[in-house]
Amino acid sequence: MISPPLAGQHVLVTRPAEQAEGFRTLLEAAGATVTTAPTIRLTPPSDAGALRRAADRLAEYDWIVLTSVNAVHRLGEAASKADSMGALATGRFAAVGPATSDALRALGVAECLVPPVYRGEALAEEIVAATDPESLSDARILLVQAERARPVLRERLVASGARVDAAPAYAVEVNRDVRNALREFIELGRGDWLTFTASSAARAFVQLVGAQTGGALVAAISPVTASTLSGLGLPVHVVAATHSMPGLVEALVVSAARPGRFAATHGHA
């Protein structure tokens, strides 16, 4: 029998609890042993009414832009309460990546613009390119994202002349409840991979246990997350070519298939 590609690999998932299960399932299907330790948790934003007010006026926006699956879920809840779900079927939507786009389609969104590179900069460029230049200065854009998200998307849309309303859908805080689980994973030195799917999770990890890996390799979902990790002093060994959960699993599978490189980097026999 052929062993699953990640058999014998112990992977730490730092993804928020409400998003971790799907990632865990993919990893376990590939044969990995998984420890889940969500370094961040989602809480209501400081202005919890901003999204509710925006949901009352969804039909007024030329573009509705979302940067995460969590943002989609919060918008869906707000639109349902505001009785504006119909606008989800008729509005013009843009999403930072395929997972966010899929979540929008589950709410009834028929079409969604997704950039070829899943970054805020690329998303802004695609929205500008897809908008009539003569109407861009009058375009109204709703940006639904995390509180204190990277400002680059909003800045580039504003610089293009559009009027942008930013509605924070949720806030992110450090989950101190997982500190002991992280320490155990690191101090025992039995882990093979630390995975990070967001910069906020990386920053929280370092706040909780410092820039230490216990000999595990570090995998990032995107160049943005990888850059954050490097800036925090954590070495990045793998960056997913496709910035999604399946893409990150595939990156681990490809790396694990190179035994010479893996053993030399990780120190395993």
Side-chain angles (χ1 to χ4, degrees), residues 1-42 68-70 73 96-103 106 118 172 175 177-206 208-209 212-226 228-229 234-259 261-263 265-268:
M1 292 181 63
I2 298 175
S3 297
L6 293 181
Q9 303 290 301
H10 190 176
V11 181
L12 181 78
V13 172
T14 59
R15 196 164 169 78
E18 53 266 54
Q19 296 177 333
E21 194 56 36
F23 189 28
R24 180 185 189 117
T25 298
L26 290 172
L27 288 166
E28 290 180 340
T33 298
V34 180
T35 292
T36 302
T39 59
I40 58 174
R41 55 186 163 208
L42 309 183
S68 72
V69 172
N70 286 310
H73 293 163
V96 75
T100 305
S101 176
D102 289 346
Y118 310 145
V172 175
N175 181 16
D177 293 342
V178 301
R179 177 179 279 148
N180 289 338
L182 292 175
R183 285 177 173 168
E184 181 177 351
F185 186 91
I186 291 168
E187 290 172 2
L188 289 176
R190 297 175 184 168
D192 295 290
W193 291 99
L194 300 172
T195 62
F196 295 92
T197 60
S199 291
S200 53
R203 287 189 289 268
F205 177 91
V206 172
L208 290 167
V209 294
Q212 54 182 326
T213 67
L217 297 175
V218 177
I221 196 171
S222 70
V224 171
T225 303
T228 299
L229 287 161
L234 286 166
V236 179
H237 303 92
V238 168
V239 180
T242 301
H243 311 149
S244 64
M245 296 303 104
L248 186 51
V249 174
E250 178 61 25
L252 298 185
V253 169
V254 170
S255 184
R258 300 171 184 164
R261 176 179 177 274
F262 183 81
T265 305
H266 192 48
H268 282 11

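Computation of the quantities below employed the complete heavy-atom set of this structure, encompassing side-chain atoms and omitting hydrogens, waters and symmetry-equivalent molecules.
- A37 and A181 get closest at one heavy-atom pair: CB-CB, 4.5 Å.
- Counting all heavy atoms, side chain and backbone alike, P4 lies closest to G31 at CB-CA, 3.6 Å.
- Contact check for V96 versus S68: no side-chain heavy atoms found under the 4.5 Å cut-off.
- Between V239 and P223, the shortest heavy-atom distance links the atoms CG1-N, 3.8 Å.
- Inter-residue side-chain proximity for V69 and T100 is flagged as met; some heavy-atom pair is nearer than 4.5 Å.
- Shown here are the ring pair (Phe, Tyr, Trp, His ring centres under 6.0 Å) partners of H243, two or more places apart in sequence or in another chain: Y118.
- Put simply, CZ on R15 and CG on L248 are 9.5 Å apart, with the number rounded to the nearest 0.5 Å.
- Inter-residue side-chain proximity for D177 and R41 is flagged as met; some heavy-atom pair is nearer than 4.5 Å.
- Closest approach of V236 to A226, counting heavy atoms only: CG2-O, 3.6 Å.
- Annotation: the span from L229 atom CG to T213 atom OG1 amounts to 11.5 Å, rounded to 0.5 Å.
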Practice prompt. Take T33 and V11 through the test side chain to side chain contact (heavy atoms under 4.5 Å, CB included) and record every step on the way to the result.
Written response: CA-CA 6 Å; T33 298; V11 181; over 6 Å; no
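- Note: F205 CZ to L12 CG = 7.0 Å, rounded to the nearest 0.5 Å.
- The nearest pair of heavy atoms linking A251 to V238 is CB-CG1, 3.4 Å.
- Interatomic distance, CZ of R183 versus CG of L188, reported as 13.5 Å (0.5 Å rounding).
- Heavy-atom neighbours of E184 CD from other residues, nucleotides or ligands within 6.0 Å: at or below the threshold of 12.
- Between the CE atom in M245 and the OG1 atom in T25 there is a gap of 12.5 Å [rounded to 0.5 Å].
- Scanning for ring pair (Phe, Tyr, Trp, His ring centres under 6.0 Å) contacts around F23 gives an empty result, with sequence neighbours left out.
- H73 is not listed as a side-chain neighbour of E18, based on a closest heavy-atom distance of 4.5 Å or more.
- Here the OG1 atom belonging to T39 is positioned 6.5 Å from the CG atom belonging to L208, to the nearest 0.5 angstrom.
- With sequence neighbours excluded, the residues satisfying salt bridge (charged side-chain N to carboxylate O under 4.0 Å, His left out) with E28 are R24.
- Shown here for G191 and F185, the closest heavy-atom pair between the two residues is CA-CZ, 3.3 Å.
- Tested against F196 for a side chain to side chain contact (heavy atoms under 4.5 Å, CB included), the candidates V218, V13, T228 yield a single pass: V218.
- Checking each of V253, L217, D192 against Q9 for a side chain to side chain contact (heavy atoms under 4.5 Å, CB included) leaves exactly one that passes, namely D192.
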